[in-house]
Amino acid sequence: MGNTHLTEAAANRQEIKRWFFLLLGIGLFLLVFFSPPWPDAVDPAGKHFPLSGEGKGALAVFLLAGTWWVFEVLPIGITGLAIGVLQTLFFIRPAKEVFGNFMDPSVLFIFGSVVIGQVFTKTGLTRRMAYTMLTVVGERTSLIYLGCFSVTVILTHFMAHTAVAATIYPLMVAIHALYEGGNTRTRFGKGLFIGMAYAAGAGSIITLLGAARGAVAIGFFRDIAGKNISFFEYSYYFFPVGWLMVLLIWGLIMILCKPEKATIPGLKERARKLRADMGPLSRNELAAILIVVACVVVLALQSFFPPVAKLNKSGILIVTTLLFYMLKILDLNDLEQVPWNIILLFSGAMSMGLCLWETEAANWLAVNWLAMFKNAN
């Protein structure tokens, strides 16, 4: 009975806190939007950058969205929708432009990457890779660390890192259960899960399929600078950086979370048996591999063949989604399981970024920031 009261009290406090930050975001928006005109930003050369009413509105939306996102007063995707709604209702930008950003090619690229993650999970390719890794690295816990982190990174080459983490998590649980045989907390378990999260983040920078941030960043770069970054060009620079980070993460985890045991007896044999139980590659697994590899090859060829370079990256990736459904690798249930919360988050972020740029609020912010450091080295 006492625990129930404590739980209810904690829930009430949480709800009060939620409403406080919900109203704080709205208050900041109204305060900035309806405030008198703000002074121009002046760069060190004396050039003036005025802030228009639309630019001030963009800053108001930015403050509201930032408050709601940081304190999670609403699902992050719903906050993304609020960004679009506020821009249209307060005449900051035309509705067609605002909501057009929600289906920007970069957002569709993110959608295609998430769908590939669904396919790897549903077909069992992720589990097959993990079992193969365990049979190769053996039973030494130091190498199991490295193997788990490496598989995590390899998967982020082809699917979103959040999907990789969700897919690999049950396999990590199974490995840890073999390590200690119960629910005991261990340094090995801590290192396994923290390292997996770090490795997923490090691997996600290697290709455009690994995370939304890369696709969104080159989308902004294309719209602002007028230059396209190809799939291969992006990976050319980030591949060595990503893998170097993984090796550093492995070393860090081995120091901070050194396993209590040197080996996990029987793990290699169990992994071999689990892989054998899966049987040979299924039709869906083979089809998924061929489709994804073909997609990556076409994206890479854009750096070398001008006719291929004319093809839109998002269009190429969405072809994989169409093929997955045509071949019935995925079905309606899978479509309904797409994490729209994440998609809407990046749709809203794309719309917010372009709003700051097109209203020139970004220029105003940048010049004010620059003025703070005019006497710096």
Side-chain angles (χ1 to χ4, degrees), residues 76 106-107 109-134 136-137 144-176 189-217 231 234-235 238-239 241-250 252-253 271 274-275 278 284-285 288-289 291-293 295-296 299 317 320-321 324 329-330 334 337-343 345-346:
I76 53 178
S106 299
V107 175
F109 193 94
I110 296 163
F111 172 76
S113 174
V114 168
V115 171
I116 290 175
Q118 284 186 304
V119 170
F120 271 60
T121 302
K122 184 174 182 178
T123 59
L125 278 170
T126 306
R127 285 186 292 119
R128 190 181 293 275
M129 288 179 64
Y131 296 150
T132 302
M133 174 273 297
L134 290 172
V136 171
V137 302
I144 291 171
Y145 267 163
L146 181 60
C148 288
F149 301 163
S150 298
V151 167
T152 300
V153 173
I154 290 169
L155 287 171
T156 60
H157 288 27
F158 307 102
M159 53 194 280
H161 67 302
T162 48
V164 171
T167 302
I168 212 80
Y169 177 81
L171 301 172
M172 301 288 187
V173 172
I175 292 171
H176 187 250
K190 184 186 294 185
L192 197 64
F193 290 102
I194 293 176
M196 178 269 286
Y198 287 176
S204 69
I205 71 169
I206 295 174
T207 75
L208 289 174
L209 299 175
R213 69 179 79 88
V216 170
F231 184 89
Y234 180 91
S235 296
F238 280 110
F239 185 91
V241 177
W243 276 101
L244 176 61
M245 287 171 64
V246 173
L247 293 175
L248 292 174
I249 289 166
W250 177 48
L252 178 68
I253 295 298
L274 289 169
R275 189 181 64 174
M278 292 186 72
N284 284 350
E285 285 178 291
I289 291 171
I291 291 169
V292 173
V293 169
C295 173
V296 172
L299 288 170
L317 191 61
T320 65
T321 301
F324 292 144
I329 299 173
L330 297 177
D334 298 302
Q337 294 301 315
V338 170
W340 294 107
N341 193 41
I342 300 297
I343 304 296
L345 162 67
F346 286 103

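Ala271 and Leu134 make their closest contact through CB-CB, 3.5 Å (heavy atoms, listed as atom of the first residue, atom of the second, distance). Of all non-hydrogen atoms in Ile205 and Tyr234, the two that sit nearest each other are O-CE2, 3.2 Å. Taking each heavy atom of Thr321 and Gly112 in turn, the nearest pair found is OG1-CA, 4.0 Å. When all heavy atoms are compared, the tightest approach of Val114 to Pro339 is CG1-CD, 3.5 Å.
Within the structure, salt bridge (Lys or Arg N to Asp or Glu O under 4.0 Å) pairs that include any residue of residues 113-125 comprise Lys122-Asp331, Lys122-Asp334 (at least two apart or interchain). Evaluation of the side chain to side chain donor-acceptor pair (under 3.5 Å) test over residues 197-206, restricted to residues two or more places apart or in two chains, returns Ser204-Arg213.
To the nearest 0.5 angstrom, Phe120 atom CZ is 7.0 Å from Thr126 atom OG1. Note that CD of Gln118 is 8.0 Å distant from OG1 of Thr121, once rounded to the nearest 0.5 Å. The line from CG of Leu317 to SG of Cys295 is 4.5 Å long, rounded to the nearest 0.5 Å. To the nearest 0.5 Å, the span separating OG1 on Thr156 from CG on Leu209 amounts to 9.5 Å. The structure places OG of Ser106 at 6.5 Å from CD1 of Ile110, a figure rounded to the nearest 0.5 Å. Put simply, CG on Leu146 and CE on Met133 are 9.5 Å apart, with the number rounded to the nearest 0.5 Å.
The ring pair (Phe, Tyr, Trp, His ring centres under 6.0 Å) check on Phe193 picks up Tyr169, with sequence neighbours excluded. In terms of the salt bridge (charged side-chain N to carboxylate O under 4.0 Å, His left out) criterion, Arg127 has no residue partners (sequence neighbours excluded). Remark: Phe149 pairs with Tyr145 by the ring pair (Phe, Tyr, Trp, His ring centres under 6.0 Å) rule, at least two apart or across chains. The side-chain contact (heavy atoms from CB on, under 4.5 Å) search around Ser235 returns Thr207, Phe231, not counting sequence neighbours.
Residues Leu171 and Ile168 have side chains in contact (heavy-atom distance under 4.5 Å, counting atoms from C-beta outward). Between Met172 and Cys148, the closest side-chain pair of non-hydrogen atoms falls below 4.5 Å. Contact check for Leu208 versus Leu299: no side-chain heavy atoms found under the 4.5 Å cut-off. In this structure, Phe158 and Val293 have side chains that are not in contact, with every pair of non-hydrogen atoms separated by 4.5 Å or more. Using a 4.5 Å heavy-atom cutoff, the side chains of Thr320 and Val115 are not in contact. Contact of the Ile342 side chain with the Phe346 side chain is registered, since non-hydrogen atoms from C-beta on lie closer than 4.5 Å. With contacts defined as side-chain heavy-atom distances shorter than 4.5 Å, the pair Met245/Phe238 does not qualify.
Ring planes of Phe111 and Trp340: parallel class, angle under 30° (limits at 30 and 60°).
None of Ile289, Val119, Leu155 except one satisfies the side-chain contact (heavy atoms from CB on, under 4.5 Å) rule with Leu125; the exception is Ile289.
At least one donor-acceptor pair under 3.5 Å links the side chain of His161 to the backbone N or O of Gly210.
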